[in-house]
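Notes follow the structure.
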Amino acid sequence: MWAYRSFGPYKPNKEKMASMIESKVEERKDNNEKAVDREKTCPLLLRVFCSNGRHNNITDYRRGNTPPNELQIYTWMDATLKEIGGLILEVNPDTRRRGTVFEFQLIYPELTKPIPRAKDLGSIVIGQKGFDDNKTLAQIGFIIGDFLDIAISSPGRGIPQRRMRPY
């Protein structure tokens with residue numbers, strides 16, 4: 001239960017409040033616009049798990065285990081999904097075809113239980129600009145120790161098209 005104690009009538013100091021509001025706005029602006037100096041900041045280890053056509057099963061991440069298809073990337077919190085996709089392209093030549101789709105999931109531990117959770121982050125398409133291209137690790141809520149799970153779909157493996165009957 002909360003207690004409330006009154007010390008007389010409240011008289012706000014408008015000048016002090018205005019300066020407090022301005023400083024908080026400036027702090028938020030600095031945090032969002034502040035770029036990481038990649039020459040002075042140590043990179044973090046990003047553990048990425050890629051699989052073809054589907055995401056890895058969430059049970060593969062239980063009890064400290066991970067799927068066998070791990071890719072380790074050293075990067076910074078301002079790395080975008082497009083940049084991470086580009087690093088995967090360098091390692092995996094099969095994914096370089098135009099139209100290949102990378103679907104990203106964040107795998108993180110549940111705070112109250114020792115089970116992993118998954119959150120869809122978005123997707124990028126090789127050779128096309130998209131809405132999710134410029135999402136950064138910091139913007140998606142990545143915390144050091146989380147994993148990225150990426151489902152890689154080849155071009156043309158989307159929704160199957162119905163063939164028309166010749167008659």
Side-chain angles (χ1 to χ4, degrees), residues 28-167:
R28 287 183 185 163
K29 206 182 280 186
D30 288 344
N31 288 341
N32 290 340
E33 294 177 5
K34 194 174 188 180
V36 175
D37 184 0
R38 292 187 173 194
E39 291 189 16
K40 293 182 180 177
T41 305
C42 183
L44 60 97
L45 175 64
L46 177 63
R47 296 178 70 188
V48 178
F49 299 91
C50 302
S51 65
N52 292 325
R54 61 173 180 79
H55 287 286
N56 291 301
N57 196 335
I58 194 73
T59 58
D60 292 343
Y61 295 98
R62 287 196 174 168
R63 297 187 181 135
N65 295 327
T66 56
N69 50 0
E70 181 174 358
L71 177 63
Q72 295 182 350
I73 299 173
Y74 287 94
T75 190
W76 294 265
M77 290 296 283
D78 67 342
T80 63
L81 296 183
K82 191 73 165 183
E83 183 180 349
I84 294 167
L87 294 171
I88 295 170
L89 290 177
E90 291 177 14
V91 176
N92 190 351
D94 297 338
T95 61
R96 293 184 185 160
R97 293 183 56 204
R98 185 181 181 97
T100 302
V101 179
F102 288 63
E103 295 178 21
F104 292 83
Q105 269 189 347
L106 179 68
I107 307 295
Y108 61 96
E110 176 74 31
L111 295 179
T112 58
K113 301 173 188 171
I115 56 174
R117 296 283 180 207
K119 174 184 168 186
D120 289 329
L121 302 176
S123 61
I124 63 169
V125 180
I126 304 305
Q128 296 177 8
K129 290 184 180 181
F131 180 73
D132 299 327
D133 290 354
N134 294 323
K135 285 184 180 179
T136 65
L137 291 176
Q139 290 172 342
I140 62 175
F142 178 82
I143 297 174
I144 296 174
D146 293 347
F147 306 130
L148 281 186
D149 189 276
I150 303 174
I152 302 172
S153 300
S154 300
R157 280 198 68 195
I159 301 169
Q161 299 291 327
R162 284 188 159 183
R163 293 188 179 176
M164 298 299 287
R165 294 186 181 182
Y167 54 89

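- Taking all atoms of both residues into account, the shortest heavy-atom contact from L81 to F104 is O-CZ, 3.6 Å.
- Under the 3.5 Å distance criterion, the side-chain polar atoms of K135 are matched with a main-chain donor or acceptor of L121.
- Within 6.0 Å of the CG atom in L111, the count of heavy atoms belonging to other residues, nucleotides or ligands does not exceed 12.
- Contact check for Y74 versus L46: no side-chain heavy atoms found under the 4.5 Å cut-off.
- Taking each heavy atom of Y61 and P67 in turn, the nearest pair found is CE2-CD, 3.5 Å.
- The closest donor-acceptor contact from the side chain of K119 to the backbone of Y108 lies at 3.5 Å or more, if one exists at all.
- A side-chain donor-acceptor contact under 3.5 Å links K82 to the backbone of V125.
- Separation of atoms CD1 (I73) and CG (L87) is listed at 5.0 Å; rounding is to 0.5 Å.
- Taking each heavy atom of V101 and S123 in turn, the nearest pair found is CG1-CB, 4.3 Å.
- Side-chain contact between I107 and I58 is present, with heavy atoms from C-beta onward closer than 4.5 Å.
- Contact record, F142 with M77: O-CE, 3.2 Å, taken as the closest heavy-atom pair.
- For the atom pair T100 OG1 and N52 CG, the distance stands at 10.0 Å (nearest 0.5 Å).
- Listed by chain and number, the residues in a salt bridge (charged side-chain N to carboxylate O under 4.0 Å, His left out) with E90 amount to none (sequence neighbours excluded).
- Of all heavy-atom pairs spanning C50 and I152, the tightest one is CB-CD1, 3.9 Å.
- Taking the salt bridge (charged side-chain N to carboxylate O under 4.0 Å, His left out) definition, one finds that R117 meets it with E110, sequence neighbours left out.
- For the atom pair OG1 of T59 and CD1 of I115, the computed distance is 12.0 Å after rounding to the nearest 0.5 Å.
- With sequence neighbours excluded, the residues that form a side-chain hydrogen bond (donor to acceptor under 3.5 Å, both in side chains) with D120 are Q105.
- With values rounded to the nearest 0.5 angstrom, L148 atom CG is found 6.5 Å from L106 atom CG.
- In this structure, W76 and L137 approach most closely via the heavy-atom pair O-CD1, 3.6 Å.
- The line from CG of D78 to CG of N134 is 11.5 Å long, rounded to the nearest 0.5 Å.
- Annotation: the span from I124 atom CD1 to E103 atom CD amounts to 11.0 Å, rounded to 0.5 Å.
- Judged purely by atom type and a 3.5 angstrom limit, R96 uses its side chain to pair as donor or acceptor with the backbone of L89.
- Checked against I150 for a side-chain contact (heavy atoms from CB on, under 4.5 Å), the options N56, I88, L71 give a single hit: I88.
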